[in-house]
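To start, the structure under review is shown below, and the notes come after it.
This one's a predicted model, so the numbers in the text were calculated from it and none came from an experiment. Chain letters run A, B, ... following the sequence lines, proteins first, then strands; residues in each count from 1.
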Number of protein chains: 2
Amino acid sequence: MQFDRCESQCIHEEAVAAVSGKMLSGEEAQSLADTFKTLADPNRVKIIFSLMHQELCVCDLAAVIGASDSAVSHQLRMLRNQKLVKFRREGKILYYSLADEHIDTLLKQGLKHISHSKEWAARFLEFI
Amino acid sequence: MQFDRCESQCIHEEAVAAVSGKMLSGEEAQSLADTFKTLADPNRVKIIFSLMHQELCVCDLAAVIGASDSAVSHQLRMLRNQKLVKFRREGKILYYSLADEHIDTLLKQGLKHISHSKEWAARFLEFI
DNA sequence: TGTTCATATGAGCACTTGTTCATGTATTTA
DNA sequence: TAAATACATGAACAAGTGCTCATATGAACA
């Protein structure tokens with residue numbers, strides 16, 4: 001492949017070749033990164049965490065996480081684009097909920113990693 | 001609680017109270033966000049993905065993901081700080097590997113979410 | 001129809017992120 | 001000890017993010 005593009009002398013050629021053969025494409029890595037990026041903000045984490053318990057409208061979410069309606073609406077757009085949440089309309093009110101159960105698992109897996117270093121994380125894993 | 005801080009009129013009070021009682025603190029939400037933020041970059045995703053297959057040194061990683069040694073080193077620091085990777089020294093060379101098996105699961109869970117909309121993701125889930 | 005309310009959206013701005021480039025550090029080897 | 005190698009780090013800068021504020025949309029109701 002393009003070993004010549006590498007600037008270093010220390011390459012283990014077989015290892016590099018083996019892993020390169022299985023590597024994600026740039027676009028694939030970007031998609032995965034975008035998925036995690038969606039959960040890479042404390043307010044969005046709080047939104048997902050809230051919706052794990054029950055569906056909520058925009059201003060309920062704003063009240064729960066302590067942000068403005070507008071800020072929450074902006075974040076919800078991102079969560080919608082990444083298909084992490086869905087909504088149903090009832091008159092003027094939009095009720096948001098998680099798009100599927102994988103989101104739930106994804107957040108729990110994050111908590112599981114944190115529980116290695118922080119005690120509080122283990123507590124949440126018991127109750128959700 | 002601090003319902004008076006909310007700017008809206010549409011609050012479902014019981015729902016907000018119920019969820020508020022279980023809500024993550026700001027610090028806790030930040031820790032969770034930081035965990036996901038660590039995987040929110042395509043080059044870091046590629047690094048983790050590489051290390052799922054085998055341990056690699058810094059310049060191997062640079063060759064595999066197509067970035068400079070320096071860029072990779074900067075990213076590895078972040079992955080180290082968040083305890084996603086560990087390393088062992090052998091002479092001048094540092095061999096990096098995943099810190100534990102939860103990282104593996106975390107990335108797979110991301111792939112599982114993507115596989116809802118992208119076919120390629122399902123293929124990776126079969127082989128890793 | 002006009003008003004109100006719940007939510008969405010665009011512009012603008014402070015802050016953050018990821019890279020490059022130059023330099024520093026630690027280990028091996030001459 | 002001096003030079004070379006593998007990696008780390010700091011500064012600096014372009015690009016991206018998340019908020020606020022002002023405005024738009026769309027549904028209900030008088």
Between dT29(C) (P) and E90(B) (CD): distance, integer Å: 12 Å

Residue pair V16(A) / A63(B): nearest heavy atoms and the distance that separates them: CG1-CB, 4.1 Å

M23(A) with L79(B), same ILVMFWY side-chain cluster at under 4.5 Å: yes

Donor/acceptor link under 3.5 angstrom from S70(A) side chain onto base of dT9(C): yes

Side chain to side chain donor-acceptor pair (under 3.5 Å) contacts touching residues 50-63 of chain B (sequence neighbours left out): H12(A)-D60(B), E55(B)-R88(B)

Nearest-neighbour nucleotide for the R80(A) side chain, dT9(D), dT9(C), dA6(C) considered: dT9(C)

d(CG, D69(B); P, dT23(C)) in whole Å: 18 Å

Integer-rounded Å distance: dT7(C) P and Y95(A) OH: 8 Å

Closest nucleotide among dA8(D), dT27(C), dC21(D) to the V58(B) side chain: dA8(D)

Nucleotide paired to dA30(D) in any strand shown, Watson-Crick or G-U, under 3.5 Å: dT1(C)

If you look only at distance, which donor and acceptor atoms sit under 3.5 Å apart when one is on a side chain in residues 119-128 of chain B and the other is two or more places apart or in another chain?
none

Any donor-acceptor N or O pair under 3.5 Å, side chains R89(A), Y95(A): no

Which nucleotide in dA11(D), dT7(C), dT9(C) has an atom nearest any side-chain atom of C57(A): dT7(C)

Whole-Å gap separating P (dG18(D)) and CZ (F36(B)): 15 Å

Whole-Å gap separating P (dT17(D)) and CG (D34(B)): 16 Å

Below 4.0 Å: OP1/OP2 of dC7(D) and any side-chain N or O of S73(B): no

Shared hydrophobic cluster for I93(B) and I11(A) (ILVMFWY, side-chain gaps under 4.5 Å): no

Under-4.0 Å side-chain N/O to phosphate OP1/OP2 contact, Y96(B) with dA8(D): yes

K112(A), NZ atom: more than 12 neighbouring heavy atoms under 6.0 Å: no

Verify stack between H74(B) ring and dT19(C) base, 5.5 Å, 30 degrees: no

Distance below 4.0 Å between Q75(A) side-chain N/O and dC19(D) OP1 or OP2: yes

What nitrogen or oxygen pairs link the protein and nucleotides 14-17 of chain C at under 3.5 Å?
residue	atom	partner	partner atom	Å
dT17(C)	OP1	K37(B)	NZ	3.4

Rounded interatomic separation in angstrom, taking CZ from R77(A) and P from dT9(C): 5 Å

Toward the 5' end of DNA chain D, by each residue's nearest nucleotide, K92(A) or V72(A): V72(A)

Distance, rounded to the nearest Å, where I93(B) contributes CD1 and dA8(D) contributes C1': 16 Å

Distance in angstrom units between R89(A) CZ and dG26(D) C1', rounded: 6 Å

Closest to the L94(A) side chain, choosing from dA8(D), dA8(C), dT28(C): dA8(C)

Considering all heavy atoms, the nearest P42(A)-A33(B) contact: N-CB, 3.5 Å

